[in-house]
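Notes follow the structure.
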Amino acid sequence: MIPVAKAIKIIEQNVKPLAGERIRLADSVRRVLAENIVSDSDLPPFDRSQMDGYAVVAADTIECPVDLKIVGESAAGRGWHKVLKRGEAVRIMTGAPVPAGADAIQKIEVAQEIDDSVRIFEPTEKGRYIVKKGSEIKKGKVVVQAGEMITDNMIASLAAFGYARVKVARSPRVAIIGTGSEIVEIDKKPRRDQIRNSNSVMLDVLCRKFGATPIILPNVRDEISDLRSQIAKAAQSSDIVILTGGVSVGKYDHTKTALEQIGAEIFFDKVRLKPGKPAVFARLGKTLIFGLPGNPVSAAVTFHLFVRKAILLLQNASNSNADKGFASLLIAAKGTKERDVYLPARLSTTNDGRLVAEPLRFSGSSDFVGFAKAEALVVVPRGTNLLAGEAAKIVYL
Ligand code: AMP
Ligand code: MG
């Protein structure tokens, strides 16, 4: 049995990044950048008006009201490109370039046009309502670095700098296989002694969340020959195969034996972890293989700790760690002597701004109903018990 940290290190040592590919920007959310995003212009690209109003020389408005001669108009996309002089004003719209010679805007609400002039009722000051060229970003700056996962909030920025197509790491192909003679597809009514395969679709969704492209393969019975052939076949066309079930010590737990028989190299098969102790990590050719426990909560926890890491490393993500933090425990949490416990928990904040974790009442690793509301895992290190109010390490889900 190896510690969780050691298991993670082994994964880090055995995952090699995939090549990059160029895809449409709109399809790039949750994918990992394989190039730096560089600004191809100053932003704004010219001194820009923040208001509908008049571009003026601020010094002309010290004594108000004052009448200034309107000499032109600057609209968004159609600027006025002469030089404004003292005593003059240019009608200007939000987003339009501020003419040379002007050093301030006065807004339309405190002005009134009379014939060819505008009467300004309140002074403005140098720089007022002008967003200076390059004040948001300068040309040639790295805006987002290679290795970052693209988020929806980044899209506008990438679009503004012309990245209609963006280079990202190839999406890891993940084959998901549920194993167990008792499991049936989720659209079937389980017969006596059967249960629905809730793991495969859960893992499918989790894979997508971290940029992978999963497919769910048909369930495999607890038959060693079926397991062998289905795993070997799946490995041929995927970067990762995720299996659930059949990794513990029962008579019909054949996953590990099947892996050995097809010649997979097994890196670990027991982790000091609760739930999730029998998790297996192996490799067949270039394909990484994870054997996760069948219990849904164990499968989810081991996905987050191990598989997620591998998916991100394949994409050369600069941060492949699960997000961690600390929260104050709402109730006491008991640990165990041998293994680190990862307790599903809900998060909330107190009035004074403290983050609080409430370990969910759940009755063990098969309780996916209890797990459904989890937002984080509270870590109880082996050999410790945590008291209510104590700060605990948490892993965000
Ligand atoms: P195992 O890891 O095969 O010993 O399975 C542990 C428990 O998880 C058993 O109660 C199984 O019935 C259940 N289980 C196994 N595979 C799945 C699955 N794909 N979806 C839901 N539950 C499962
Ligand atoms: Mg089983």
Donor-acceptor contact below 3.5 Å, side chain [X] vs main chain [Y]:
X	Y	value
Arg196	Ile186	yes
Asn219	Gly180	no
Ser28	Arg31	no
Ser320	Leu313	no
Asp239	Arg173	yes
Ser181	Asp222	yes
Lys138	Gly134	yes
Thr179	Val220	no
Ser74	Ile92	no
Asn295	Ser298	no

Check: Does the pair Glu338 and Lys274 meet the rule for a side-chain contact (heavy atoms from CB on, under 4.5 Å), with working shown?
Finding: CA-CA 9 Å; Glu338 278 228 301; Lys274 187 184 174 175; over 6 Å; no
Notebook entry, point to check: Can Phe371 and Leu397 be said to form a side-chain contact (heavy atoms from CB on, under 4.5 Å), step by step?
Noted result: CA-CA 11 Å; Phe371 183 70; Leu397 292 176; 4.1 Å; yes
Margin query: Between Glu35 and Arg22, is the salt bridge (Lys or Arg N to Asp or Glu O under 4.0 Å) condition met? List the steps.
Written below: CA-CA 10 Å; Glu35 64 178 339; Arg22 215 166 262 289; 3.3 Å; yes
Heavy-atom check, side chain of [X] versus side chain of [Y], under 4.5 Å:
X	Y	answer
Tyr129	Asp52	no
Pro99	Lys82	no
Asn199	Ile183	no
Ile130	Ile105	yes
Trp80	Val71	yes
Val166	Leu33	yes
Tyr163	Ser157	no
Phe161	Ser39	yes

Testing the basics here: between [X] and [Y], what is the closest heavy-atom pair and its distance to 0.1 Å?
X	Y	result
Asp340	Arg382	OD1-N, 2.8 Å
Ser49	Val98	N-CG2, 3.8 Å
Pro172	Leu18	CA-CD1, 3.9 Å
Pro190	Gln194	CB-O, 3.5 Å
Gly178	Thr244	CA-OG1, 3.8 Å
Ile331	Pro359	CG1-CD, 3.7 Å

Rounded to the nearest 0.5 Å, what separates atom [atom1] in [X] from atom [atom2] in [Y]?
X	Y	atom1	atom2	result
Ile224	Thr255	CD1	OG1	9.0 Å
Ile311	Ser171	CD1	OG	8.5 Å
Lys141	Leu43	NZ	CG	12.0 Å
Ile262	Arg228	CD1	CZ	9.0 Å
Gln112	Ser117	CD	OG	11.5 Å
Leu284	Glu265	CG	CD	10.5 Å

Notebook entry, point to check: Salt-bridged, Glu113 to Arg91, with N to O below 4.0 Å?
Noted result: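 Answer for the salt bridge query: yes.
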Would you say that more than 12 heavy atoms from the other residues, nucleotides or ligands in this model lie under 6.0 Å from the [atom1] of [X], or not?
X	atom1	value
Lys309	NZ	yes
Gln13	CD	yes
Asn351	CG	no
Tyr252	OH	no
Arg165	CZ	yes
Ile266	CD1	yes
Glu136	CD	yes

Notebook entry, point to check: Can you check side-chain contact (heavy atoms from CB on, under 4.5 Å) on Leu203 and Leu292, steps first, answer last?
Noted result: CA-CA 11 Å; Leu203 292 165; Leu292 309 184; 4.1 Å; yes
Notebook entry, point to check: Mind checking whether His304 and Phe210 have parallel, tilted or perpendicular rings, split at 30° and 60°?
Noted result: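 Answer is perpendicular, since the angle exceeds 60°.
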Next item on the list: Would you please name every residue forming a side chain to side chain donor-acceptor pair (under 3.5 Å) with Asn385, sequence neighbours left out?
Entry: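 Result, side chain to side chain donor-acceptor pair (under 3.5 Å) vs Asn385: none returned.
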Checklist line | Shared hydrophobic cluster for Leu305 and Val247 (ILVMFWY, side-chain gaps under 4.5 Å) | finding: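 The answer is no; the residues belong to distinct hydrophobic clusters.
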Notebook entry, point to check: Under a single-linkage definition using a 4.5 Å side-chain heavy-atom cutoff for Ile, Leu, Val, Met, Phe, Trp and Tyr, are Ile240 and Leu259 assigned to the same hydrophobic cluster?
Noted result: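 No, Ile240 does not connect to Leu259 through the hydrophobic network.
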Item checked: Sole candidate of Phe306, Phe281, Phe290 that passes ring-ring contact (aromatic ring centres under 6.0 Å, His included) when paired with Phe267 ->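 Answer after filtering Phe306, Phe281, Phe290: Phe281.
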Note to self: Under the criterion salt bridge (Lys or Arg N to Asp or Glu O under 4.0 Å), I'd like the reasoning laid out for Lys373 against Glu358: C-alpha separation, chi angles, the key distance, then a yes or no.
What the structure shows: CA-CA 11 Å; Lys373 289 184 174 154; Glu358 177 189 2; over 6 Å; no
Next item on the list: Could you walk me through whether Thr151 and Asn153 pass side-chain hydrogen bond (donor to acceptor under 3.5 Å, both in side chains), step by step?
Entry: CA-CA 5 Å; Thr151 64; Asn153 293 336; 5.0 Å; no
Check: Among Val57, Leu68, Val56, whose side chain to side chain contact (heavy atoms under 4.5 Å, CB included) with Arg86 holds?
Finding: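 With Arg86 as partner, Val57, Leu68, Val56 yield a single side chain to side chain contact (heavy atoms under 4.5 Å, CB included), made by Val57.
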Next item on the list: Output, in order, the C-alpha distance, side-chain angles, deciding distance and verdict of side-chain contact (heavy atoms from CB on, under 4.5 Å) for Ile10 and Ile2.
Entry: CA-CA 10 Å; Ile10 291 172; Ile2 59 169; 3.8 Å; yes
Next item on the list: Tell me, please, which residues at least two apart from Ala169 pass side chain to side chain contact (heavy atoms under 4.5 Å, CB included).
Entry: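 By the side chain to side chain contact (heavy atoms under 4.5 Å, CB included) rule, Ala169 matches Gln315.
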Checklist line | Pairing residues for Val110 by the side chain to side chain contact (heavy atoms under 4.5 Å, CB included) criterion, not counting sequence neighbours | finding: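 With neighbours one apart ignored, the set is Gln106, Lys107, Glu122.
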